[in-house]
There are 4 protein chains.
Amino acid sequence: MKPIGVGVIGTGFMGKAHSIAYSASASVFGTGLRPNLEIVCDLSPDRASQRATDLGFSRYSADWRDVVNDSAVDLISVCTPNDTHAEIAIAALNAGKHVWCEKPMSTNLADSAAMAAAAKASTGKTIVGYNYTKNPAVTHARRLIESGVIGEVAGFFCRYDVDNEADGNRPWSWRMSRDQSGTGANGDVLCHVISVAHFLTGSTISKVVGDYAIVHKERTDPANANATKTVDNDDMVSALVHFENGVHGHIGASRVTWGRKCGLRWEVQGTKGTIIFDQERLNELQLFTKQDDPATDGFRTILTGPEHAPYAAFLPNGGHSLGYMDVKICELHDLLTSIETGEKIWPDFDSALVIEQAMDAVDRSVISGAWEKV
Amino acid sequence: MKPIGVGVIGTGFMGKAHSIAYSASASVFGTGLRPNLEIVCDLSPDRASQRATDLGFSRYSADWRDVVNDSAVDLISVCTPNDTHAEIAIAALNAGKHVWCEKPMSTNLADSAAMAAAAKASTGKTIVGYNYTKNPAVTHARRLIESGVIGEVAGFFCRYDVDNEADGNRPWSWRMSRDQSGTGANGDVLCHVISVAHFLTGSTISKVVGDYAIVHKERTDPANANATKTVDNDDMVSALVHFENGVHGHIGASRVTWGRKCGLRWEVQGTKGTIIFDQERLNELQLFTKQDDPATDGFRTILTGPEHAPYAAFLPNGGHSLGYMDVKICELHDLLTSIETGEKIWPDFDSALVIEQAMDAVDRSVISGAWEKV
Amino acid sequence: MKPIGVGVIGTGFMGKAHSIAYSASASVFGTGLRPNLEIVCDLSPDRASQRATDLGFSRYSADWRDVVNDSAVDLISVCTPNDTHAEIAIAALNAGKHVWCEKPMSTNLADSAAMAAAAKASTGKTIVGYNYTKNPAVTHARRLIESGVIGEVAGFFCRYDVDNEADGNRPWSWRMSRDQSGTGANGDVLCHVISVAHFLTGSTISKVVGDYAIVHKERTDPANANATKTVDNDDMVSALVHFENGVHGHIGASRVTWGRKCGLRWEVQGTKGTIIFDQERLNELQLFTKQDDPATDGFRTILTGPEHAPYAAFLPNGGHSLGYMDVKICELHDLLTSIETGEKIWPDFDSALVIEQAMDAVDRSVISGAWEKV
Amino acid sequence: MKPIGVGVIGTGFMGKAHSIAYSASASVFGTGLRPNLEIVCDLSPDRASQRATDLGFSRYSADWRDVVNDSAVDLISVCTPNDTHAEIAIAALNAGKHVWCEKPMSTNLADSAAMAAAAKASTGKTIVGYNYTKNPAVTHARRLIESGVIGEVAGFFCRYDVDNEADGNRPWSWRMSRDQSGTGANGDVLCHVISVAHFLTGSTISKVVGDYAIVHKERTDPANANATKTVDNDDMVSALVHFENGVHGHIGASRVTWGRKCGLRWEVQGTKGTIIFDQERLNELQLFTKQDDPATDGFRTILTGPEHAPYAAFLPNGGHSLGYMDVKICELHDLLTSIETGEKIWPDFDSALVIEQAMDAVDRSVISGAWEKV
């Protein structure tokens with residue numbers, strides 16, 4: 001086991017998640033690279049100091065450049081607001097670091113393309129945090145699809161609904177401004193759907209027609225309780241999609257759906273079977289195959305277990321359940337393996353750029369009112 | 001209780017279902033009109049005779065005109081192939097009969113419009129058999145929505161997937177020919193989705209953009225096992241939709257989905273809650289409302305019971321489960337009540353025509369590649 | 001198709017259910033005996049008259065002897081309070097009638113034994129209404145078990161919980177008196193569990209140790225809102241059981257469980273698989289078998305369909321759902337078939353007596369505090 | 001944050017789980033004691049060395065006494081075979097260490113009692129690894145019950161079925177010998193059920209009547225493929241139980257159930273509601289309460305989220321799912337908090353001894369064939 005120095009920029013939900021993954025991954029997988037938690041960065045020096053203690057880092061800084069320039073650091077986590085990803089990630093790549101960047105890549109296609117170009121020009125490995133593709137249940141689904149268990153893929157259908165902004169009494173925020181945040185549910189939620197679409201079908205979306213809905217059109221001005229401000233980006237987004245390999249489907253996302261906490265649900269329909277998944281039950285896969293006796297056929301609930309790599313690195317018995325954090329560790333393990341072996345990883349900045357392009361095509365289609373190519 | 005003479009034309013699945021409903025409805029509801037099973041019609045005299053015995057009719061005929069002209073008959077069930085609905089239903093209406101017609105109305109918009117015109121010109125009551133709107137769980141959902149339990153409706157999402165043609169080894173049939181059958185999944189399966197969409201939202205679809213997929217493009221020629229014939233209508237259909245009242249959503253249907261036997265699933269998202277339903281569990285409604293304490297909130301599974309009219313006509317205790325046939329009896333009861341009271345019923349030929357128009361708009365949109373108004 | 005004259009005694013939930021079954025069974029099954037609804041009986045002449053009209057009987061009476069003595073009647077439904085079953089059923093059998101008696105047989109073992117003796121001495125066919133064994137999903141489970149799909153049966157576990165008396169504010173009733181009603185949850189609810197136990201295992205319970213709980217010990221006196229009366233029979237009953245064939249298990253029932261409306265759930269564990277069922281989803285069977293590939297194994301949800309006789313008599317496509325009433329029609333069809341063919345039927349009075357004996361053994365065990373033989 | 005030196009004895013599933021928990025707990029909870037991974041012990045020096053590297057320990061040994069005598073170690077994990085727990089735990093307590101011992105305490109009541117006595121005589125804090133009580137969904141259930149949301153507890157019903165030995169082709173092992181392993185499913189699986197029973201009811205089991213079943217009576221001798229050896233402890237165990245506070249219920253466990261991977265399911269029935277849980281869906285709680293409107297009542301599926309402490313230490317949004325390992329971290333956090341604050345913790349050796357006593361009473365009852373007091 002060789003050490004690898006890591007630095008984390010940003011200490012919110014994702015900064016913490018990356019740090020926990022760094023602490024646990026070597027113990028879980030027991031081979032390869034062991035992360036050393038070198039330096040953590042937060043805009044507030046006090047918070048940076050506190051997080052260094054809590055999360056077990058040796059050093060801290062309030063300036064992300066200190067992380068990029070730290071010679072003990074080989075791998076950098078970019079867990080800052082989306083509009084800062086590009087600058088930091090490009091600097092890190094230029095400094096010869098590997099980069100683990102949170103999703104989405106950035107807030108516009110130009111920035112994302114620049115990130116992909118920087119990755120191509122560097123020796124660093126990259127990955128974007130589309131972690132719903134790293135769950136052993138989902139990678140198993142991909143293997144089943146690849147091996148033909150459900151025949152040719154015929155249809156892909158997926159929604160991701162969350163309740164973040166479901167309450168119309170929540171005040172206006174910068175996330176609800178197209179100017180400040182870009183698209184709404186498209187950029188923030190649908191991106192996950194597209195990552196799953198590409199991963200599971202082994203293809204990419206080539207053509208879309210999209211639609212937006214703004215459900216809560218006015219929200220209280222946080223600066224003035226007697227005034228309201230206008231929401232001008234999408235609370236809901238939907239699209240019909242075609243894939244390069246000929247598959248058709250539809251996708252959708254919402255940030256205003258009561259009752260869905262992490263409501264990513266997908267269904268892959270094939271010529272010989274169907275696979276269904278619900279992220280709120282992330283240890284279960286539903287599979288139906290033509291091969292079964294009609295008198296006893298039915299969707300079977302596959303509980304993730306040691307047959308579904310890399311579950312066995314965590315737990316020896318099936319049905320004991322992985323959690324969100326474990327899947328984040330799987331994601332890190334993919335990146336570390338790529339760094340160690342030199343093998344290509346998915347979704348690196350190149351592949352993630354294609355996800356961003358699909359999001360952009362949906363946006364263009366809503367504006368044009370017509371089908372748009374990716 | 002007053003008697004009402006009934007005749008049934010067509011003795012397949014639906015003809016039998018109508019007949020059983022006629023036999024049981026008075027016993028279940030215990031009031032109003034009691035159907036007398038006068039005459040049944042099937043193209044084959046032998047089969048007509050046999051079915052008269054089995055189903056308890058007094059007379060039979062191989063000519064549907066005998067039913068239309070039978071003076072003891074007040075109400076006629078049209079359960080024949082779709083392309084014969086218009087002629088029979090119009091003749092029945094012109095003869096002063098009430099008409100219970102199976103879905104869809106016909107195979108083209110002109111015929112459907114003629115049926116609606118005949119209904120308007122007649123004294124007969126009409127209903128089209130969109131029975132997934134007659135289930136007490138579903139009518140209860142409608143009442144919840146109307147009374148504001150989930151606030152304003154914000155999104156409507158629905159698919160109906162069945163496995164009728166999922167097996168690519170099934171031979172070609174006339175249903176797979178646009179010439180002989182019109183659209184495929186659109187006309188046969190999506191029509192149910194649109195009926196549910198209109199019923200639940202209390203609005204109608206105004207604008208669509210649609211997409212078709214043909215999954216099994218060639219099938220064995222039933223007349224020649226060594227040859228194939230081309231499928232030229234839709235195995236799958238999808239559409240983004242806008243409603244008159246401003247709601248957005250997406251809908252879809254498939255006749256080639258492994259594992260879905262009666263897979264109609266819909267979700268109505270509102271500004272204060274969400275309702276979900278799955279036809280394969282037709283006695284359950286899932287409801288989430290904002291009003292709940294966040295620490296104990298969650299989708300609740302409402303089991304249909306006596307609180308959900310007209311369940312109590314069937315069973316005194318909740319959770320004992322209605323079946324498909326019971327819902328067909330509810331449908332008949334709506335029609336009989338309308339005949340008795342003179343009140344308007346939904347979906348009569350007028351309302352069902354709007355469903356057909358939405359199906360047609362989807363079809364036009366696929367051809368034009370653009371959004372189309374209904 | 002031959003006619004068979006039927007009479008129904010008692011017009012509550014079960015009297016109505018039997019009547020509807022009589023009206024519909026010939027149409028559903030299309031062969032054999034067609035019931036003629038001759039005479040219905042209720043203690044109140046007015047109600048009897050009204051029910052005759054509603055349910056379609058030719059005659060009515062307020063005296064059950066009129067039904068027993070009616071020469072046009074071949075088959076009699078006994079749907080009266082439990083403590084009257086024995087007298088009526090025995091009289092009917094002595095008069096040469098077939099008898100469809102509701103469960104349980106009676107309120108004490110002596111009466112039940114007398115009923116079984118009368119049945120043995122007569123030419124009439126008998127059946128007791130343990131209808132949860134007549135559902136095609138359940139008969140399919142029995143066939144799977146018999147054919148060895150789950151190997152040797154190793155364990156049987158079942159509870160039936162309902163909410164009839166869950167609310168402690170409901171007043172005292174005769175059902176809560178051991179004197180007036182016999183046992184509580186044991187006689188009223190657990191009897192169904194035992195019927196299922198015998199049916200699925202193909203064996204009978206041979207030895208038990210039981211336990212009672214009275215959850216609401218005092219209830220308001222219905223005659224005096226300021227006073228209470230003591231509940232002295234079981235709100236809940238549990239038992240460990242051994243079967244003749246060596247299987248072990250446990251069973252339980254409750255009449256005071258919030259949220260369970262028809263909560264009969266059973267699980268049969270075998271040496272090669274497991275089958276699970278929940279009556280509130282009566283069209284679904286859960287099956288797990290050893291034969292599956294460990295990477296894709298899991299409980300499969302079998303939706304009842306035409307592969308599961310006699311579902312196809314009702315509906316041609318799977319997943320369309322039977323309801324409680326349909327299962328009652330299946331029960332009647334079993335009885336009519338037995339009458340037509342002379343074949344033995346389950347559970348006739350002989351087999352139902354063994355169910356009553358198991359209930360009695362549970363009761364004796366609670367009193368003795370020891371294991372008791374059936 | 002203060003450091004605390006930890007040592008782990010045993011490096012199987014549980015030794016690894018404890019080690020990962022030690023690595024991650026400070027990052028997750030961000031306060032209190034930060035574990036330093038000092039020394040790990042395995043009987044094989046090679047494996048001990050390898051595990052020290054993998055899991056991040058500073059030192060290793062093949063002799064557990066080296067851990068007990070290590071002055072840098074404050075807290076010791078006992079993750080060895082059950083029959084060694086007592087000796088190691090007592091030595092650790094005598095050496096002034098805190099002890100985190102895996103379940104069950106030991107293989108006989110005398111050893112367990114000695115462990116509890118040693119704990120009482122020491123300054124060390126203890127906890128036994130009944131981790132199914134540490135899940136935020138389950139602690140939330142306990143809080144709901146304590147606060148009267150379901151009224152008075154009326155019934156407790158629980159089974160824990162696993163498939164560890166379901167395959168009759170698996171060879172005989174020492175676990176199947178009463179001599180070498182003590183009871184079977186009782187000691188290994190039912191112990192979890194009893195821990196949950198005590199935790200949720202806030203009471204303890206006072207009286208039981210039990211039953212064993214040996215499903216696979218002969219298994220292949222691992223030393224001789226042509227011979228078999230007899231299994232003489234329980235594959236399945238069931239018991240009726242009474243609690244100190246008057247609650248009745250039944251419990252059961254099996255090590256031979258096909259399809260159940262981690263099949264712990266419990267149901268607490270109260271006078272005003274019901275709570276249900278299934279460990280295979282460990283982020284969900286089912287709650288039904290009397291307070292709801294009958295027309296919209298139903299079991300609600302509560303997804304664990306930040307409202308359910310200490311979920312928020314892991315994830316800021318609900319529905320994102322904790323896993324088995326996260327719950328193990330919760331368990332450790334309870335122990336560390338107890339060490340830091342001096343407060344009593346559950347289940348320490350004292351409380352765990354009562355669990356062992358209930359297991360023993362079940363065993364005695366099977367032998368005596370009678371109800372036995374705990």
Proximity breakdown for B:Leu285 and chain D, heavy-atom pairs closer than 4.5 Å: neither
Could you list each donor and acceptor atom pair linking chain D to chain B at less than 3.5 Å?
unit_1	atom_1	unit_2	atom_2	d
D:His140	NE2	B:Ala295	O	3.0
D:Ala295	O	B:His140	NE2	3.0
D:Ala295	O	B:His308	NE2	2.8
D:Thr296	O	B:Arg300	NH1	3.1
D:Phe299	O	B:Thr301	N	2.8
D:Arg300	NH1	B:Thr296	O	3.1
D:Thr301	N	B:Phe299	O	2.8
D:His308	NE2	B:Ala295	O	2.8

Considering only residues two or more places apart or on different chains, which pairs with a residue in residues 309-321 of chain D satisfy salt bridge (charged side-chain N to carboxylate O under 4.0 Å, His left out)? none
Taking every non-hydrogen pair under 4.5 Å, which of B:Gly319, B:Ala295, B:Pro306 racks up the most with chain D? B:Ala295
